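Below is one structure; the comments refer to it alone.
Values below: every heavy atom of this structure, side chains too, minus hydrogens, waters and symmetry copies. These numbers come from a predicted model, not from an experiment. As the structure lists them, so they are numbered: ligands from 1, and atoms in each ligand from 1. Just so you know, residue 1 is the first one in the sequence shown, and it goes up from there.
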Amino acid sequence: MTNKTSNAMWGGRFASGPDAIMEAINASIGFDKRLAAQDIEGSRAHAAMLAATGIISDSDAAAIREGLLTVLSEIENGEFEFSAALEDIHMNVESRLKDLIGEPAGRLHTARSRNDQVATDFKLWTRDQYDAAIDGLQALVRALLTQAEAGADWVMPGFTHLQTAQPVTWGHHMMAYVEMFGRDVSRFKDARARMNESPLGTAALAGTSFPIDRHMTAEALGFDRPAANSLDAVADRDFALEFLSCASICAMHLSRFAEELVIWSSAQFRFVALSDRFSTGSSIMPQKKNPDAAELIRAKIGRIMGAMVSLFTVMKGLPLTYSKDMQEDKEQVFDAADTLMLALAAMTGMVSDMTANKDALEAAAASGFSTATDLADWLVRALNLPFRDAHHVTGALVAMAESKGCDLPDLSLEDMQSVHVDITGDVFDVLGVQNSVNSRQSYGGTAPDQVRAQIARWKDALG
Ligand code: ARG
């Protein structure tokens, strides 16, 4: 199973080519062909710089740059024949360039190595994914703001332990996710700013003796500056790990929201109706409308976080600088990025299309003694009871209502006074859910005024 010819790119000292198994484990072309556009962009910038610094001739650089565009169009048109014997995208592109333009192609790899090349390509690719994640999140935030605005004062139960806790507003609940996804945006932005340094020209690991201009290539490729340490630049995959970390946190937020949508769309809750466009039917139970998109979004974090753990595990313990282990970085990030973008798009579609059931939200808000805290607060304010005593009195009233099978507002004043004689009829004002939410005027609280102020702040920020 020996391939007779040695590798055309690095085979100078090899008498025979690799075993087929060696080729199979070594080749990355099956997946790194996704970096073709970035590879060609990086090479074109490198060639222009080599000419500008007098390292290669202008005519060679022009032939290289032109030839690379031909390679790109062949790849884009599906005419390119990828070869596993040529291992990876870098050597596939360079080899084809040689077919097309001959001798000058061999000058392209002056003053660089595949180590800085792959770091550059992968950074450029990942940088686009940072931007795509930010765009996707902003679209989702807009969809949530629309929902929040429509129901800024609709009451619903707020939960702790998934037990009814206190009434809140639908708008407030939607805005909680706006805050989470807003933090995700800022996390992706922070990491993007940190990663935007060019590895190109750090060469194999030590830099190069050629008089290159790394600032020029950095600028041409949209980097803020060249990376300052050549060893670090070829060994660093933080930019991918940070992407996966940001993606995992975002996927966790998506998963929590998806879980709520699954619960809320059930017949038992009926808080929301999902659109036909984002639901599926059952092949056996005709009445069913399943929240499959929400369930799948809930699950996608498994892949995204799996990719993060996988790449951390690949990177841990690697000595400086490049090791072939690092070829295992790409598939994880590709899959996580694809998964995240799909999940964001599906969530945005679901949120834009869903209808909140105002009546069901309101009915649920009033059940489960949700205004018990308002009652306790009233006892503190009106009767000057210490909060602990007020809590105790309220507990006794809840127990009474429970034994009578009614809610707190259904108790009579006599019932109330049998627990605490000083209670007056004014208490009934605080037992309504609308009053309850209206009273929560503390900054960031659930009062519709507060919610509307937050909506306005976010709309302003998004522009
Ligand atoms: N295909 C390789 C990767 O993805 C490119 C870098 C190879 N460098 C090397 N020194 N063998 O990591």
Here's one to test your reading of the geometry: is the NZ or CZ of R96 within 45 degrees of the ring axis of F80 and under 6.0 Å from its centre?
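Not satisfied by the 6.0 Å and 45° rule.
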For S28, take its heavy atoms, then give the atoms of ligand 1 lying under 4.0 Å from any of them.
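The list of qualifying atoms is 1 (N).
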Taking 4.0 angstrom as the limit and counting only heavy atoms of D88, give me the atoms of ligand 1 inside it, by number and element.
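Heavy-atom distances to D88 below 4.0 Å select 1 (N), 2 (C), 5 (C).
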Of the listed options D325, N26, I89, N115, closest to atom 8 (N) of ligand 1 (non-hydrogen atoms):
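The option holding the nearest heavy atom is N115.
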For atom 6 (C) of ligand 1, tell me which residue out of F31, Y322, F122 has the closest non-hydrogen atom.
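Minimum heavy-atom distance to atom 6 (C) of ligand 1 goes to Y322.
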Distance to 0.1 Å, residue and atom name: give those for the protein heavy atom nearest to [atom].
atom                    : value
atom 4 (O) of ligand 1  : K330 NZ, 2.6 Å
atom 11 (N) of ligand 1 : R114 NH2, 3.6 Å
atom 1 (N) of ligand 1  : Q327 OE1, 2.8 Å

Using 30° and 60° as the class limits, which term best fits the ring planes of Y130 and F188: parallel, tilted or perpendicular?
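Judged by the thresholds at 30° and 60°, the geometry between Y130 and F188 is perpendicular.
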Please work out, at 4.0 Å between heavy atoms, whether the side chain, the backbone, both, or neither of E87 comes within that distance of ligand 1.
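For E87, there is no contact with ligand 1 at all, from either part.
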Pairing of E179 and R457 as salt bridge, 4.0 angstrom limit
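The answer is yes: the pair qualifies as a salt bridge.
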So, E328 and K324, do they make that salt bridge, N to O below 4.0 Å?
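Not counted as a salt bridge, because no side-chain N and carboxylate O are separated by less than 4.0 Å.
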Suppose we screen for side chain to side chain contact (heavy atoms under 4.5 Å, CB included). Which residues come up paired with D238, at least two apart in sequence or across chains?
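Checked D238 against side chain to side chain contact (heavy atoms under 4.5 Å, CB included); matches are D236.
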F271-W170 aromatic ring centre distance below 6.0 Å
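Not close enough - the centres of the two rings lie 6.0 Å or further apart.
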